[in-house]
Amino acid sequence: MDLLIGGKLALVTGSTAGIGFAIARRLAQEGARVIVNGRTKARTDEAVASLKGEISGAHIEGFAADLATAEGTQVVVRQYPEVDILINNLGVYAPKAFGEITDQDWLQIIESNFLSGVRLTRHYLPKMKDSGWGRVIFIASESGVNMPVEMIHYGVTKTMQIALARGLAETTIGTAVTVNSILAKPTRSEGVNTFVKQMAAEKGISLADVEDQFFKTIRPASLLQRFETPDEIATLVTFVASALSSGTNGAVLRMEGGLLRSIL
């Protein structure tokens with residue numbers, strides 16, 4: 001199926017690994033021109049080289065900057081004043097008891113997970129409207145609806161993303177620009193792999209047993225009962241970023257493996 005995004009310019013924030021990397025790959029496979037972003041030049045260059053080696057003729061370039069900062073945002077919008085597709089994927093998480101979450105912890109996670117998308121969308125969305133086409137997608141999480149007690153600050157930032165995406169969609173009435181959010185579930189990303197290995201070492205059990213215990217005790221409502229893969233998330237994101245998704249706007253799209261039991 002041709003998703004009709006050949007030649008479109010896409011910026012995927014936080015895309016040197018995990019979900020962001022998988023999204024960059026799928027967009028490049030569809031012929032989009034992709035800007036891969038990481039905090040360091042080494043990681044960014046490595047990701048770009050990997051994708052170019054995998055996808056013949058891919059149009060991929062890297063941009064190294066911390067887009068969780070206002071300074072990083074200013075630099076990227078100067079270098080790329082317009083993009084057709086903006087994937088706000090950048091985010092961090094850290095399990096921590098609520099009483100131990102400091103003001104600095106709150107500010108750091110809000111700036112990374114929420115304000116990064118605010119700043120970039122504030123710049124690019126008006127230009128998309130002027131050009132007559134555009135896609136903005138926030139990679140949120142089921143944690144924005146199903147608040148995780150082990151990291152409430154993370155869940156709150158995901159709720160903020162969902163609300164922001166819906167509010168921004170209201171400003172696109174009558175245009176060919178859409179703004180949506182994706183509710184991802186626990187995904188086998190780089191960070192999750194590290195967590196699983198640490199837990200396996202601490203408990204003296206296998207990686208498979210850690211995953212099994214996680215879904216039995218922490219996410220028992222999951223219908224999949226496993227971590228999703230970044231590629232599974234990327235497939236939905238790429239469709240929503242495409243020209244074929246024109247009827248989907250202001251939506252909260254669930255890719256959480258049936259973990260949420262509500263029907264709406």
Side-chain angles (χ1 to χ4, degrees), residues 3 5-92 108 110-139 161 164-165 168 171-172 175-180 190 234 237-238 240-243:
L3 297 183
I5 53 173
K8 298 289 188 185
L9 181 60
L11 169 60
V12 186
T13 67
S15 48
T16 58
I19 293 173
F21 183 82
I23 294 170
R25 179 199 289 124
R26 291 290 290 117
L27 289 170
Q29 288 171 337
E30 290 295 328
R33 296 178 294 135
V34 180
I35 305 162
V36 171
N37 161 248
R39 288 187 175 89
T40 68
K41 187 175 188 302
R43 288 272 289 181
T44 304
D45 288 348
E46 181 183 358
V48 169
S50 176
L51 290 171
K52 284 186 174 180
E54 179 183 345
I55 308 167
S56 177
H59 298 281
I60 301 170
E61 53 190 290
F63 180 83
D66 185 357
L67 297 184
T69 67
E71 295 76 16
T73 301
Q74 290 168 2
V75 176
V76 75
V77 300
R78 281 199 299 268
Q79 184 162 335
Y80 302 101
E82 295 185 29
V83 300
D84 303 298
I85 299 167
L86 172 62
I87 311 293
N88 289 307
N89 173 70
L90 178 64
V92 296
Q108 182 179 14
I110 288 172
E111 186 155 47
S112 178
N113 295 8
F114 180 68
L115 284 179
S116 59
V118 169
R119 293 176 182 128
L120 289 168
T121 308
R122 184 167 57 206
H123 175 84
Y124 288 121
L125 184 58
K127 295 180 181 298
M128 291 178 183
K129 294 176 185 176
D130 290 342
S131 71
W133 195 91
R135 298 285 183 267
V136 177
I137 301 173
F138 289 83
I139 307 302
Q161 284 184 314
L164 174 64
L168 292 172
T171 75
T172 67
T175 74
V177 179
T178 66
V179 184
N180 295 287
E190 190 175 58
V237 173
T238 302
V240 177
S242 79

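Numbering of residues begins at 1 and proceeds along the displayed sequence. Just so you know, these numbers come straight off a predicted model, no measurement behind them.
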*Asks:* Quick one: pull up CD1 in I137 and OG1 in T238 and give me the separation to the nearest 0.5 Å.
*Replies:* 8.0 Å
*Asks:* Scan L120, V12, I35 and name whichever one has a side chain to side chain contact (heavy atoms under 4.5 Å, CB included) with V83.
*Replies:* I35
*Asks:* To the closest 0.5 Å, what do you measure between CG (D84) and CG (L11)?
*Replies:* 11.5 Å
*Asks:* How long is the span from the CG atom in L27 to the CD1 atom in I55, to the nearest 0.5 Å?
*Replies:* 9.5 Å
*Asks:* Looking at every heavy atom in both F138 and A165, which two are closest together, and how far apart are they?
*Replies:* CD1-CB, 3.7 Å
*Asks:* If you compare all heavy atoms of A24 against all heavy atoms of L51, which two are closest, and at what distance to 0.1 Å?
*Replies:* CB-CD1, 4.1 Å
*Asks:* To the nearest 0.5 Å, what is the distance between CD (E46) and NZ (K41)?
*Replies:* 12.0 Å
*Asks:* Could you note down all residue pairs passing side-chain hydrogen bond (donor to acceptor under 3.5 Å, both in side chains) where residues 10-20 supplies at least one of them, sequence neighbours left out?
*Replies:* none
*Asks:* When rounded to the nearest 0.5 angstrom, what distance separates CZ in R135 from CG in L86?
*Replies:* 13.0 Å
*Asks:* Tell me the closest heavy-atom pair linking S242 and L3, and the distance in Å.
*Replies:* CB-O, 3.4 Å
*Asks:* Taking distance alone, no hydrogens or angles, what donor-acceptor pairs closer than 3.5 Å link side-chain atoms of residues 73-81 to residues at least two apart or in another chain?
*Replies:*
from, atom 1, to, atom 2, distance (Å)
T73, OG1, T69, O, 3.2
Y80, OH, E61, OE1, 2.6

*Asks:* I'd like to know if R119 and E111 make a salt bridge, using a cut-off of under 4.0 Å between side-chain N and carboxylate O.
*Replies:* yes
*Asks:* Once you round to the nearest 0.5 Å, how far does CD1 of I23 lie from CD1 of I19?
*Replies:* 6.5 Å
*Asks:* Restricting to side chain to side chain contact (heavy atoms under 4.5 Å, CB included), what partner residues turn up for S116, sequence neighbours left out?
*Replies:* L90
